[in-house]
Amino acid sequence: MSKLKIRDLTLRDGQQSQFATRMNQAQIDRVLPYYKKAGFYACEVWGGAVPDSVMRYLNESPWDRLEKIKAGIGEGSKLTSLSRGRNLFGYAPYPDEVISGFTKLTLQSGLDIVRIFDALNDVNNMRSTIKFVKEYGGIPDCAVCFTIDPKFTFKERLKALIGRKKLPKDIFNVKYFVNKAVELEKEGAGIITIKDMAGLIHPKMTGELIRELKNSVTIPINLHTHDTPGYGLASILTAIVNGVDIVDTVLYPFAGGPAAPAFELIQIFCHKLGIDTGIDLSQISLINKELSEIRTELSEYDTTKLIPKEFDISDYKLDPEIETLFDKAIDAAKNDRVDELLTYTQSITSYFNFPEPNEQVKAAEIPGGMYTNMVAQLKQVKLDHLMDRALHLVPKCRLDSGCPPLVTPTSQIVGTQAVNLALDEQNGKPEYTTVTKQFFNLVQGQYGITPFPVDPEFRNRICGSPEEIPYDTGKYSKQPNPVLKEYGYKKLALNEKEELLLELFPNVADGFLKKKREAEWKAENPYIPPRVIKPKELTQEDYDNLYKDGWY
């Protein structure tokens with residue numbers, strides 16, 4: 001029997017996609033005993049929005065979150081996290097000393113695998129993290145961000161031809177992704193992941209890409225995708241029948257729609273294909289009972305409000321018509337009949353009451369999060385009628401900035417700039433009158449090498465120089481770590497872990513750590529009001545009066 005490794009995303013990407021990363025530690029703790037016995041190859045539990053969100057919204061420590069999950073799962077599964085290469089979690093590159101310190105502490109705190117990616121697929125930005133992950137005993141899982149070429153109308157292409165402007169054609173083909181994978185294996189990757197954050201990888205592309213990757217690299221291949229435009233389940237099935245080694249899934253109550261496809265549906269396909277996932281399905285049933293309750297508790301953050309049909313993978317019998325759909329989907333996947341495959345898999349997800357394909361995101365060919373951000377920005381200024389125009393301008397913004405893949409942070413940068421273009425146009429201003437600092441930095445070259453060269457004339461127009469100017473990490477300065485006089489003259493960050501939170505999340509960590517120091521001060525001084533006492537300003541008489549008042 002052949003084997004397939006499953007990476008579970010429920011506790012990170014699943015809850016981030018569906019519930020804005022609002023699972024608190026108590027909710028996480030409820031499922032850990034079952035995860036310990038479930039037998040997943042790996043569980044993604046950290047990175048992404050988790051460190052920021054647990055501080056910002058839950059007043060919890062990201063380090064505590066990771067360490068408690070490690071204590072709960074133990075060696076039952078490898079724990080994994082995301083890292084944006086040289087950017088880590090921020091929008092600016094960090095020097096090696098920060099990358100080294102952060103990587104070391106995350107691995108010491110429980111991580112086994114770090115999924116390293118770069119928004120531009122610039123391997124230079126991934127090199128340091130790969131090196132440090134290996135140095136500290138982890139597995140570098142190197143991700144190639146999947147994207148597609150920007151789409152231009154015939155009229156736009158004709159206009160560009162007349163103006164002698166070069167438009168990209170067939171950049172992001174199978175060869176592009178395979179070449180990146182080969183380069184990353186040479187750099188020391190332990191796993192290659194095709195990271196399709198927008199759910200844009202069509203099953204036809206999936207089949208071709210997995211076959212070529214299996215012929216070109218010797219390390220395991222992992223497919224990560226989402227179900228937003230409706231391709232996810234079909235693409236994962238296609239990857240499986242073409243020999244992929246690892247697939248990313250989310251457990252049933254948190255799956256589908258903006259999240260990854262459901263593990264349970266993949267497990268049914270594996271049953272039929274004679275593939276062993278190594279998962280204890282009785283434990284999945286126990287986890288899902290808790291997750292169903294937790295979903296109810298998180299209902300105010302639920303993005304889809306669509307509860308999947310009741311189903312227990314440990315004890316199920318499919319209706320004959322649904323059973324037939326699974327069989328037909330497998331046959332279509334094996335024989336590259338992709339249109340039929342999509343019909344079957346979308347019928348399956350509809351039967352189980354997962355969200356229908358998001359047609360707006362599918363048509364726009366951008367990540368769901370990017371789409372919702374653009375809608376929110378335009379609604380905020382009461383100009384949501386410009387949404388169609390802003391979407392139409394996304395390809396132009398991508399081309400002008402070097403055709404970056406649309407993944408954090410470039411999806412936000414390009415989306416915001418497209419909105420600005422639409423607003424400039426609405427207000428009768430020349431295009432690029434309004435330019436964000438992040439777009440400026442992207443065009444200047446501070447994020448790294450773009451997949452398509454930025455036109456020097458355009459760079460000169462936006463940045464004041466036609467020359468590419470990379471980010472100089474030598475100019476990096478550490479975040480301040482002030483002494484808090486009001487809380488016993490303690491520093492804001494007391495150890496390396498807290499200092500790294502300040503480095504990576506300065507605004508959020510500042511408030512979080514101040515609350516922590518305040519709580520500690522109050523616990524140590526229950527009778528002293530939180531005010532600064534400067535001994536040099538007090539006389540002996542003052543001390544005597546304080547003593548009489550019971551302050552000491």
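Contact check for Thr80 versus Asp141: no side-chain heavy atoms found under the 4.5 Å cut-off. Inter-residue side-chain proximity for Ile449 and Asn124 is flagged as met; some heavy-atom pair is nearer than 4.5 Å. Side chains of Asn242 and Lys214 form no contact here, defined as non-hydrogen atoms less than 4.5 Å apart. Residues Thr10 and Leu291 form a side-chain contact, since some pair of their non-hydrogen atoms from C-beta on lies under 4.5 Å apart. Annotation: side chain of Gln426 is in contact with side chain of Leu383 (closest heavy-atom distance under 4.5 Å). Counting heavy atoms from C-beta outward, Phe269 and Ile240 have side chains that stay 4.5 Å or more apart. The side-chain heavy atoms of Leu88 and Ser83, taken from C-beta on, include a pair separated by under 4.5 Å. At least one side-chain heavy atom of Tyr447 sits less than 4.5 Å from a side-chain heavy atom of Ile413.
Not a single donor-acceptor pair under 3.5 Å links the side chain of Glu425 to the backbone N or O of Glu431. When atom types are taken as modelled, the side chain of Asp302 and the backbone of Leu298 share no donor-acceptor pair closer than 3.5 angstrom. Side chain of Asp227 to main chain of Gly232: a donor-acceptor pair is present (N/O by atom type, distance under 3.5 Å, no hydrogens or angles). Looking at Thr238, its side chain does come within 3.5 Å of a backbone N or O of Ala234 through a donor-acceptor pair. Side-chain atoms of Thr416 come within 3.5 Å of backbone atoms of Gln412 as a donor-acceptor pair (strictly under, hydrogens ignored). Side chain of Gln16 to main chain of Ala49: a donor-acceptor pair is present (N/O by atom type, distance under 3.5 Å, no hydrogens or angles). When atom types are taken as modelled, the side chain of Gln15 and the backbone of Leu11 share a donor-acceptor pair closer than 3.5 angstrom. Proximity of a side-chain donor or acceptor of Asn427 to a complementary backbone N or O of Leu423 within less than 3.5 Å is detected. Judged by distance alone, with hydrogens and angles left aside, the side-chain atoms of Thr343 form a donor-acceptor pair with the main-chain N or O of Asp339 at under 3.5 Å. Checking side-chain atoms of Asp424 against main-chain N and O of Thr433 turns up a donor-acceptor pair under 3.5 Å.
Using the six-membered ring where Trp is involved, Tyr252 and Phe352 have ring planes that are perpendicular, over 60° apart on the 30 and 60° scheme.
Using a 4.0 Å cut-off between charged nitrogen and carboxylate oxygen, Asp455 and Arg461 do not count as a salt-bridge pair.
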Test log, rule salt bridge (charged side-chain N to carboxylate O under 4.0 Å, His left out), inputs Glu187 and Arg127: CA-CA 7 Å; Glu187 289 291 337; Arg127 192 169 283 122; 3.1 Å; yes

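The salt bridge (charged side-chain N to carboxylate O under 4.0 Å, His left out) test with Asp248 singles out one residue from Lys5, Lys195, Arg115, and that residue is Arg115. Of the candidates Phe505, Phe89, Tyr94, Phe132, Phe102 forms a ring pair (Phe, Tyr, Trp, His ring centres under 6.0 Å) with just one, namely Phe89.
Listed here is the closest heavy atom pair of Gly188 and Lys134: O-CD, 3.5 Å. When all heavy atoms of Ile210 and Gly243 are compared, the closest pair comes out as CG2-C, 4.4 Å. Closest approach of Val98 and Leu504 over heavy atoms only: CG1-CD2, 4.3 Å. For the pair Ile201 and Ile194, the tightest heavy-atom approach, listed with the atom from each and the gap, is CD1-CG2, 4.2 Å. Smallest separation of non-hydrogen atoms from Pro258 and Thr228: CA-OG1, 3.6 Å.
For Arg22 and Tyr57, the positive end sits near the middle of the six-membered ring, less than 6.0 Å away and at most 45° from its axis.
Asp13 and Ser17 share a side-chain donor-acceptor pair at under 3.5 Å. A donor-acceptor pair shorter than 3.5 Å can be found between the side chains of Thr225 and Asp196. A donor-acceptor contact closer than 3.5 angstrom links the side chains of Glu185 and Thr218.
Taking the six-membered ring wherever Trp is involved, the centroid distance between the rings of Phe452 and Phe172 does not fall below 6.0 Å. In this structure, Phe439 has its ring center closer than 6.0 angstrom to the ring center of Tyr432. For Phe146 and Phe177, the gap between ring centers is short of 6.0 Å. For Phe254 and Phe19, the gap between ring centers is short of 6.0 Å.
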Enumerate donor-acceptor pairs with a distance under 3.5 Å from any side-chain N or O in residues 464-474 to protein atoms, sequence neighbours excluded.
residue	atom	partner	partner atom	Å
Ser465	OG	Glu467	N	3.2
Asp472	OD1	Gly474	N	2.9

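Every side chain to side chain contact (heavy atoms under 4.5 Å, CB included) that Lys78 has, sequence neighbours left out, goes to Tyr41, Ala42, Asp112, Ile113, Ile139.
When the shell of 6.0 Å around NZ of Lys305 is examined, it contains more than 12 heavy atoms from other residues, nucleotides or ligands.
Atom CG of Asn441 and atom SG of Cys463 lie 8.0 Å apart (nearest 0.5 Å).
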